[in-house]
Amino acid sequence: MADPQDVLARRVQTALGAAFGAEYAGTDPVIRPSQFADYQANAALALAKRLGRKPRDVAADIVAHLDAGDVVRDIEISGPGFINLTLRADWIADRAQELLADPRAGVPVQQRQNIPIDYSAPNVAKEMHVGHLRTTVVGDALARTLEFLGHNVIRQNHLGDWGTPFGMLIEHLLEVGEGSAEADLVKTDPNRFYQAARAKFDGSEEFAARARARVVALQSGDPATLRLWRELIELSKAYFNRIYAKLDVTLTDADLAGESMYNDALAGICDELEEKGIAVVSEGALCVFLPGFTGREGKPVPLIVRKSDGGYGYGTTDVATLKYRSEVLKADRAVYVIGAPQAMHLKMAWGTAKAAGWADGTEPVHVQIGNVLGTDGKILRTRSGAPIRLMALLDEAIERAAKVVGEARPDLDPDTRARIAQQVGIGAVKYADLSVAHDTEYVFDFDRMLALHGNTGPYLQYAAARIRSIFRKGGLEPEQATGPIELGEDAERALALTLLGFGPVVAHVGDTLEPHRLSGYLFELAQAFTTFYERCPVLKADDDSVRASRLALTAATLRVLVQGLDLLGVQAPEQM
RNA sequence: GCACCCGUAGCUCAGUGGAUAGAGCAUCGGACUUCUAAUCCGACGGCCGCAGGUUCGAAUCCUGCCGGGUGCGCCA
């Protein structure tokens with residue numbers, strides 16, 4: 001492909017074989033971006049010891065055997081034995097031209113894998129919080145990216161749709177009446193419904209008793225109870241789908257794979273674990289003790305697969321999820337986009353499934369999601385200490401964006417402004433989640449994420465909007481800009497070289513499941529474009545060939561920006 | 001107590017065992033008869049928590065310590 005780093009690696013490897021013998025042709029040539037050239041090859045330093053020669057002499061030998069005149073303009077040995085490589089401008093231009101003609105913009109198609117991705121996972125009749133927001137946004141970006149790389153992505157929205165709270169929720173639903181305004185709160189403000197149920201449960205012994213009886217009825221499959229349970233789920237789905245629509249994530253009802261889905265499998269799982277000697281009864285509960293998991297005072301920590309009352313908790317269902325994803329979905333990788341605090345629990349559930357032989361051929365991966373903090377450094381809450389309503393938070397982002405758009409673009413009609421505000425506000429929130437490493441905590445700060453400066457969604461959207469403005473003004477479609485690309489100015493060369501990095505970085509995200517790498521790349525690209533934009537007039541270029549080349553570079557940049565943002569799940573407005 | 005994660009510029013964060021550790025924000029100084037000045041350019045800013053070790057070479061790998069976060073038996 002057109003990845004310069006890859007091309008250079010192969011050329012240098014060939015040189016290594018030619019210079020030192022075939023057994024050296026497999027050595028990592030250690031090609032890295034360089035501050036003194038485009039790239040540097042650092043293989044000589046590591047090889048010097050193996051060969052018993054001076055690093056600089058080894059480097060000279062590599063250079064003498066390097067056949068790369070068609071790719072590289074300048075080769076220089078410097079320092080203790082670094083080989084600095086400067087690419088030919090015409091080679092970069094040709095690769096950029098290929099990228100422009102490639103519908104995939106240089107992104108490779110990878111060996112197809114089955115990849116279930118567990119993400120979002122809100123609870124029925126409960127408000128989604130910023131933690132859900134983050135797993136939803138990160139998981140969705142991974143799903144989009146892996147799909148684009150050619151994988152068979154199976155979205156698994158592991159809804160919290162089962163458990164003891166449903167006793168009180170169903171009883172509360174009965175009391176307020178199906179179809180009542182109170183019941184409709186589940187669709188709009190689920191925490192108020194949940195808290196009302198909770199208050200009754202805590203305040204009335206009689207209600208609590210009914211709730212407990214209702215749990216038993218639910219678990220034993222009582223049809224009337226099941227119908228009410230399904231009603232609650234339907235109401236909640238309306239809420240989730242409003243959030244998902246506002247967030248522009250790809251989850252649909254078809255992706256729902258809630259806890260209850262595994263109910264029928266749990267008893268069998270426990271029996272089999274016990275038969276295989278993996279699980280033992282301890283203090284009345286069926287437990288799996290795995291080596292390496294100890295808690296306070298060195299006591300072994302169990303994964304409880306059957307509670308002493310005979311019920312099942314999330315330990316059992318999480319064993320069941322991996323079993324299902326491995327045996328039924330034939331997962332090559334099973335991705336869990338879940339909060340970092342659950343790391344130990346997941347390891348135990350997976351360890352149990354593996355011990356039982358239920359995860360053969362499947363690599364489970366935990367994409368750990370760090371906590372979201374407020375500007376005070378604490379878990380994000382409202383001033384009164386209540387958890388923040390996700391819908392209100394998204395609306396605030398849109399409102400803030402609308403205020404900026406209203407001030408900056410009074411010339412646009414209200415509908416257009418509203419649409420831009422929606423795209424910018426939501427894009428800013430999503431990009432903020434995606435621009436930092438998923439496993440670190442990060443500070444939620446509207447002012448920062450909505451800024452036009454820095455590594456923000458709006459900055460990238462603005463770069464794309466300016467490009468579209470160029471084509472509007474020039475009276476042509478981006479597709480009509482076909483070059484040929486010729487690189488003269490430094491800014492043109494730097495932009496073209498940056499464009500070539502798109503495919504590799506997307507592939508890297510697919511391998512490491514780190515979307516923030518793509519964000520960082522897109523930010524670099526937007527910066528490279530902005531510099532180009534400042535220094536290189538496109539429409540007003542001096543002559544036609546330069547104009548055609550710059551238009552092509554601009555079109556390629558738009559393609560990569562829009563495609564990259566799309567992989568992250570962020571929209572690129574036509575204008576801003 | 002044990003386990004996992006984290007400690008990088010005043011702040012928020014990047015950083016593939018490679019040369020003089022990078023962005024953005026903030027601060028200061030510049031740039032607009034020119035495709036969107038909401039965008040750019042420059043300056044300032046660092047014992048990469050501390051101490052050892054491995055290595056030709058460590059922010060990166062290993063060990064110990066200090067500081068912060070999280071988890072550790074019947075909620076999920």
Let me have the donor-acceptor pairs involving side chains of residues 298-307 of chain A, under 3.5 Å, with sequence neighbours excluded, atom names and distances please.
none

At under 4.0 Å, does any side-chain N or O of [X] touch on OP1 or OP2 of [N]?
X	N	answer
S469(A)	rC35(B)	no
K307(A)	rC75(B)	yes
R296(A)	rG73(B)	yes
T164(A)	rA76(B)	no
T294(A)	rC72(B)	no
K126(A)	rA76(B)	no

Exercise for review: Name the nucleic acid region contacted by A285(A), choosing base, sugar-phosphate or nothing; use a 4.0 angstrom heavy-atom cut-off, strictly under.
Suggested key: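 Base contact.
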Exercise for review: Using a 4.0 Å heavy-atom cut-off across all strands, classify V538(A) as base, sugar-phosphate, or nothing.
Suggested key: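 Base: the residue V538(A), judged by heavy atoms under 4.0 Å, touches a nucleobase.
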Check your understanding: Between the base of rA76(B) and the side chain of T317(A), is there any donor-acceptor pair under 3.5 Å?
Key ->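 No such pair is found, so the answer is no.
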Practice item. Would you list the pairs meeting side-chain hydrogen bond (donor to acceptor under 3.5 Å, both in side chains) in which at least one residue belongs to residues 278-296 of chain A, sequence neighbours left out? Key: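 Of all non-adjacent pairs touching residues 278-296 of chain A, none passes side-chain hydrogen bond (donor to acceptor under 3.5 Å, both in side chains).
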Filtered N/O pairs between nucleotides 57-63 of chain B and protein, under 3.5 Å:
none

Point to revise | Contact nearer the 5' end of RNA chain B, comparing Y314(A) with N42(A) | key: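 With Y314(A) and N42(A) compared, the 5'-side residue is N42(A).
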Check your understanding: G79(A) or G160(A): which one's nearest nucleotide on RNA chain B is closer to the 5' end?
Key ->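 Of the two residues, G79(A) wins.
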Check your understanding: If you measure from the P atom in rA3(B) to the same atom in rG73(B), how many Å do you get, rounded?
Key ->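 To the nearest whole Å, 16 Å.
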Review point. Which ones in residues 501-518 of chain A lie close to RNA chain B, meaning a heavy atom under 4.0 Å from one of its atoms?
Key: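 Per residue number, the list reads H516(A), R517(A).
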Exercise for review: Using both pair distances under 3.5 Å as the test, note the stems of at least 3 consecutive Watson-Crick or G-U pairs that include RNA chain B.
Suggested key: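 The stems that RNA chain B takes part in, listed by first number, are B:1-7 with B:66-72, B:10-13 with B:22-25, B:27-30 with B:40-43, B:49-53 with B:61-65.
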Check your understanding: Of all the choices, rU16(B), rA38(B), rG73(B), which nucleotide is nearest to the side chain of P33(A) once you look at every atom?
Key ->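 Of the candidates, rU16(B) comes closest.
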Close N/O contacts between protein and nucleotides 20-30 of chain B (under 3.5 Å):
| residue | atom | partner | partner atom | Å |
| --- | --- | --- | --- | --- |
| rC25(B) | OP1 | H453(A) | ND1 | 2.8 |

